[in-house]
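Below you'll find the structure, written out as structure tokens, and then a few comments.
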Amino acid sequence: MKIGITCYPTYGGSGAVATELGIALAARGHEVHFITYAHPFRLPAFSPRIFFHEVAIGSYPLFQYPPYDLALAVRMHEVASQQKLDLLHVHYAIPHATSAWLAKQMLREAGLDLPVVTTLHGTDITIVGQDHSYHAITKFSIEKSDRVTAVSDYLKDETVRVFGCDNCRVEVIPNFVDPAVFNRSACDAALRQQLGDGRKVLMHISNMRPVKRVTDVVQVFAAVRHEIPSVLVMVGDGPERQAAEIEARRLDVEQDVRFLGKIDGVAPLLASADLYLLTTDRESFGLSALEAQACGVPVLGYAVGGLPEVVDSGVTGHLANVGDVVGLSRAALDLLGIEAHWRATSAAATQRAAERFATDRVIPRYEQLYADAVRGRP
Ligand code: GMT
């Protein structure tokens with residue numbers, strides 16, 4: 001098939017999933033066309049059967065806010081007709097599902113039907129879509145999509161609850177991971193040595209928005225650091241990075257916290273970690289938690305949103321109530337302090353990731369969905 005994919009190209013889970021999906025589809029023989037304003041961060045410079053179409057956003061003195069959603073719709077329309085796309089798959093509803101609907105209407109004028117698949121990822125439903133300024137258009141765009149998927153049962157339920165969609169059948173297709181890439185045994189021992197100097201390595205990866213509660217990560221680390229020689233490796237960047245830095249200074253652990261900034265290839269980093277911390281207060285899935293588990297890294301986080309669908313608390317990690325830093329610290333100390341406990345949890349994490357979320361298990365579900373959408377099957 002010829003598949004158009006639109007996503008945010010910037011550092012974050014929805015862009016990562018969309019890009020990994022495109023790469024996996026191309027590896028299975030499909031032709032994939034990315035349509036977005038910049039090269040997606042996880043996309044290699046060249047891959048067979050993968051093309052990138054940049055969206056140019058015209059400026060004009062009247063435009064205090066240049067209308068990206070319109071420029072995107074124009075580019076979608078152009079790429080779909082020139083490349084004869086079979087289908088458009090948009091990731092993150094706002095504004096991508098709306099632009100896709102516009103492009104679909106424009107193509108209809110030329111007698112073409114372009115099925116649109118929308119994948120809901122998280123804050124497009126749990127935060128931004130609930131903002132009054134976007135609520136009605138988000139609901140409309142979801143209802144007008146030919147197929148809608150959500151990355152967890154939690155997100156599906158939230159979508160129905162928040163939008164009360166009349167016509168939105170949401171299929172849950174979870175995020176996925178390639179166990180050959182996110183693989184602890186492929187870990188570079190030198191990198192591990194460099195990150196931890198023989199100390200335990202705790203890790204967090206995110207775009208550090210307020211929802212991630214990164215100061216909780218630092219607080220858990222400080223409690224661990226008090227008992228066990230360890231370092232905290234913070235990957236990514238965002239508005240809350242400074243708060244995390246200030247918290248590290250306040251707790252007098254700044255010399256043991258390393259901020260690496262945005263790094264695309266996180267597999268070797270995760271494979272060097274001993275514990276992964278994800279303290280979001282409403283994670284719809286937690287892609288980085290899945291990638292950590294695939295690398296045999298036990299995950300500590302909060303038992304909210306879709307994270308319990310990814311992390312089996314007590315088996316592949318530990319989930320506490322939101323804000324229970326003490327509970328997470330205790331769980332971290334138990335895991336790091338008892339070698340046999342860590343080994344069993346690490347093995348269970350790898351197994352769960354491979355058995356439930358391996359790329360080869362999940363991608364055929366998208367292929368089936370696409371085939372049904374193109375055939376117009378319900
Ligand atoms: O929704 C967001 O916060 C942004 C989004 C992204 O683009 O980074 O992340 C969401 O999508 C990921 C991929 O499906 C999920 O793994 C994340 O859990 C989800 N983030 C949240 O729900 C906070």
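As the structure lists them, so they are numbered: ligands from 1, and atoms in each ligand from 1.
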key: Derivation and outcome, ring pair (Phe, Tyr, Trp, His ring centres under 6.0 Å), residues Phe34 and His39   = CA-CA 8 Å; Phe34 283 94; His39 195 91; 8.3 Å; no
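- Residue Phe285 has at least one N or O atom closer than 3.5 Å to an N or O atom of ligand 1.
- Between Leu287 and ligand 1, a contact under 3.5 Å exists for at least one N or O pair.
- Using a 4.5 Å cut-off on side-chain heavy atoms (C-beta onward), Leu290 and Phe285 make contact.
- Counting non-hydrogen atoms of other residues, nucleotides and ligands closer than 6.0 Å to NE2 of His226 gives a total of 12 or fewer.
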request  = Report the C-alpha distance between His121 and Tyr92 in whole Å, list the side-chain angles of each, state the deciding distance to 0.1 Å, and finish with yes or no for ring pair (Phe, Tyr, Trp, His ring centres under 6.0 Å).
outcome  = CA-CA 6 Å; His121 279 275; Tyr92 204 92; 7.2 Å; no
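- No more than 12 heavy atoms of other residues, nucleotides or ligands shown are found within 6.0 angstrom of CZ on Arg343.
- Protein heavy atom nearest atom 2 (C) of ligand 1, with residue, atom name and distance: Thr123 OG1, 2.9 Å.
- Contact check on Arg199 versus Asp274 returns no salt bridge, with no Lys/Arg side-chain nitrogen under 4.0 Å from an Asp/Glu carboxylate oxygen.
- Inclusion of Asp124 in the set of residues having an N or O under 3.5 Å from an N or O of ligand 1 is not warranted.
- For ligand 1, the atoms lying closer than 4.0 Å to a non-hydrogen atom of Gly122 are 1 (O), 22 (O).
- Scanning all protein heavy atoms for the shortest distance to atom 7 (O) of ligand 1 gives Ser14 OG, 2.4 Å.
- Between Tyr92 and ligand 1, not a single N/O pair is under 3.5 Å apart.
- Proximity of the aromatic rings of His89 and Tyr366 is defined here by a centroid distance below 6.0 angstrom, and this criterion is met.
- Scanning the protein heavy atoms around atom 22 (O) of ligand 1, the nearest turns out to be Ser284 N, 2.8 Å.
- Of the N or O atoms in Gly13, one or more lie within a sub-3.5 Å distance of an N or O in ligand 1.
- Residue contacts with ligand 1 do not include His91, since none of its heavy atoms lies under 4.0 Å from the ligand.
- Looking at Glu283, His121, Arg209 and measuring to atom 3 (O) of ligand 1, the nearest heavy atom belongs to Arg209.
- In the vicinity of Asn175, heavy-atom distances shorter than 4.0 Å reach the ligand 1 atoms 13 (C), 14 (O), 16 (O).
- Checking only distances, Lys212 never comes within under 3.5 Å of ligand 1, N or O to N or O.
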ask   = Do His91 and Tyr8 pass the ring pair (Phe, Tyr, Trp, His ring centres under 6.0 Å) test, and can you show the C-alpha distance, the side-chain angles, and the key distance before you say yes or no?
value = CA-CA 8 Å; His91 294 258; Tyr8 281 105; over 10 Å; no
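- The pair Asp197-Arg258 counts as a salt bridge, with a side-chain nitrogen and a carboxylate oxygen less than 4.0 angstrom apart.
- Residue contacts with ligand 1: Val17 is placed with no nitrogen or oxygen under 3.5 Å of a nitrogen or oxygen of the ligand (distance criterion only).
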task = Begin from the C-alpha positions of Lys212 and Glu283 and carry the test salt bridge (charged side-chain N to carboxylate O under 4.0 Å, His left out) through to its verdict.
result = CA-CA 8 Å; Lys212 300 286 175 182; Glu283 196 72 56; 3.1 Å; yes
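- Close approach of ligand 1 to Gly286 is summarised as follows: ligand atoms under 4.0 Å from at least one heavy atom of the residue are 15 (C), 16 (O), 17 (C), 18 (O).
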